[in-house]
2 protein chains.
Amino acid sequence: MTDETSFDDRAAESPILRRSLHDETVARLRDMIIDGRLAPGDRVNEGDVGRRLGVSRTPMREALKTLAAEGLIENVPGRGAVVRAFTRDDVFDMLEALKIIEQEAGRLACARASDADIASLRAVHDRMMQLYAVRSRLNYFKLNQDIHSGFARISGNATLLWAHESIQARMKRIRFVGNGSEDKWAAAVAEHEEMIVALEAHDGDALAEVIGRHIDRTWVRVQDALPERASAAPAEEPLAS
Amino acid sequence: MTDETSFDDRAAESPILRRSLHDETVARLRDMIIDGRLAPGDRVNEGDVGRRLGVSRTPMREALKTLAAEGLIENVPGRGAVVRAFTRDDVFDMLEALKIIEQEAGRLACARASDADIASLRAVHDRMMQLYAVRSRLNYFKLNQDIHSGFARISGNATLLWAHESIQARMKRIRFVGNGSEDKWAAAVAEHEEMIVALEAHDGDALAEVIGRHIDRTWVRVQDALPERASAAPAEEPLAS
DNA sequence: ATGCAACATGCTGTATGCAGCATACTTGAT
DNA sequence: ATCAAGTATGCTGCATACAGCATGTTGCAT
């Protein structure tokens with residue numbers, strides 16, 4: 001279960017385009033939040049964390065403003081940045097919204113997407129099947145994000161894609177935690193296959209139905225891993241150990 | 001038609017809660033973008049605009065980062081902030097996304113909203129009818145934002161509300177411009193009435209249908225005011241004149 | 001022992017200074 | 001006259017310095 005050690009996925013980025021320091025800092029902080037180095041409820045000390053990332057307070061503060069707008073942290077006046085902690089209700093809302101967006105994006109994709117677009121999603125799915133075959137959980141998980149936002153991507157609607165990815169970014173930590181047991185994983189893989197088949201058949205209703213089922217079961221799975229009232233962070237490292 | 005002069009709506013804010021300088025700056029810049037003082041494509045000079053707002057470059061830069069995350073401006077590396085210009089396709093995508101979110105939020109609202117919630121929306125609608133009666137265009141327009149995000153608000157889903165408001169914030173400028181002629185306005189008012197009736201009857205399908213129709217017609221209306229390829233800003237002030 | 005008040009510390013919020021880069025202008029050559 | 005190259009200017013990006021505030025601690029009084 002531990003063929004990978006770090007959650008870091010920066011290596012997968014485009015190799016040519018060098019990002020600005022701001023984007024870099026935002027990305028690294030995002031990673032720290034997702035993989036739990038910054039736990040929900042933690043105060044983010046600009047000086048400390050900035051030193052740790054090798055940037056001064058100014059770009060640090062700017063990155064925190066960006067993350068606040070993304071909904072990953074909260075900026076309390078006079079007290080600085082706090083990693084946002086999601087309640088059970090918050091997570092329910094996020095999944096419900098994700099379901100709506102993904103279903104409708106799926107319908108649009110069935111109506112509009114080119115064969116090449118569909119083939120590209122099929123390719124991602126095939127790679128995920130291979131990763132599932134060797135139980136490479138972390139790499140599977142990484143691609144899982146892609147395939148879900150993939151429907152929004154090939155729907156051709158940039159705003160839907162933006163909304164989906166924004167919400168998914170907040171959920172990443174939680175989905176990471178609630179990745180579930182062997183049989184649940186198998187069921188998820190089967191549903192993915194159903195989705196791709198529906199997409200290839202341009203059957204929007206069928207696709208929406210599977211997506212709905214899939215996300216409903218995600219809610220069940222995630223719910224178990226969620227503490228009663230507070231956030232999404234058990235104290236210990238949940239997966240990458 | 002010119003009973004109001006400024007787009008400014010800060011007076012409508014909660015009187016007690018004093019906002020931080022950051023939030024204040026963000027809000028003021030947002031207003032400047034919406035009412036056209038900062039036109040799409042304009043470069044935002046940190047020094048100049050900062051002086052104009054009475055803040056130094058640092059909080060200015062932080063505000064720009066927030067606005068960039070909100071999608072109202074773009075941060076070009078090495079060139080600073082540029083007010084984002086939306087293409088016709090961008091606007092179509094935004095309206096399509098808004099339609100999806102608003103329809104499904106409406107369905108949820110019909111299923112879940114309390115009588116008090118529904119009554120509050122009815123109250124907003126009634127006030128809009130009064131404003132329509134005296135043709136108070138700008139004040140009508142302000143409440144129009146509220147009633148549309150209102151469905152998301154009383155759906156009880158905070159994430160849907162967030163998504164709706166985020167997208168609507170970007171659209172504000174365009175909706176402002178494309179407010180349309182007398183008869184189109186009358187049609188819009190009639191559709192609003194239909195929506196409230198459907199909501200009060202808890203008829204989700206009917207509500208979704210009206211919302212769909214309403215936004216489709218918004219697209220038609222807005223499209224005319226939209227230049228072919230570029231942004232959403234005719235040079236002159238379009239409405240408050 | 002407990003509560004309150006004054007103080008000390010450390011952090012946030014803002015301003016300013018400096019280096020680097022992009023762009024515009026000027027000057028010269030063809 | 002036009003184009004190119006070098007130069008100059010002004011802005012961005014980042015670091016640092018300073019002021020104000022929130023919080024934790026200590027000492028004193030009851």
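Each chain gets a letter, A, B and so on, in the order its sequence line appears, and its residues count up from 1. Quick caveat, the model's predicted, so the values are computed rather than measured.
Put simply, the side chain of B:Arg43 gets close to the backbone of B:Arg79: a donor and an acceptor are under 3.5 Å apart. Distance alone, capped at 3.5 Å, places no donor-acceptor pair between the A:Asp48 side chain and the A:Asn45 backbone.
Rounded to a whole Å, the CG atom of A:Asn45 is 14 Å from the C1' atom of C:dG13. Following rounding to the nearest Å, B:Leu21 (CG) and C:dT12 (C1') show an atom-to-atom distance of 13 Å. The interatomic distance linking B:Asn75 (CG) with C:dA22 (P) rounds to 16 Å, in whole Å. Rounded to an integer number of Å, the gap from B:Leu53 CG to C:dT14 C1' is 15 Å. Between the CD atom of B:Glu24 and the C1' atom of C:dT14 there is a distance of 16 Å, given to the nearest Å. Summarising the geometry, the separation between CZ on A:Arg51 and P on C:dG10 is reported as 12 Å, rounded to the nearest angstrom.
With no hydrogens or angles considered, a side-chain donor-acceptor pair links B:Ser114 and B:Asp117 at under 3.5 Å. Side-chain atoms of A:His148 and A:Glu102 include a donor-acceptor pair closer than 3.5 Å.
Relative to the side chain of B:Arg57, the nucleotides C:dC18, C:dT14, C:dT12 differ in distance, and C:dC18 lies closest. Residue A:Arg61 has its side chain nearest to C:dT12 when only C:dT16, C:dT12, C:dA22 are considered.
Mapping A:Pro59 and A:Arg79 onto DNA chain D via the closest heavy atom, the residue that lands nearer the 5' end is A:Pro59.
Between A:Tyr140 and A:His192, the ring planes are parallel. Angles under 30° get that label, and only those over 60° would be called perpendicular.
First and last contacts of DNA chain D with chain A, using any nucleotide atom under 4.0 Å from a protein heavy atom and ordered 5' to 3', fall at D:dC14 to D:dT23.
Between B:Glu96 and A:Arg112 there is a salt bridge, since a side-chain N of the basic residue sits under 4.0 Å from a carboxylate O of the acidic one.
The base of C:dT16 sits within donor-acceptor range of the side chain of B:Thr58, with an N or O pair under 3.5 Å.
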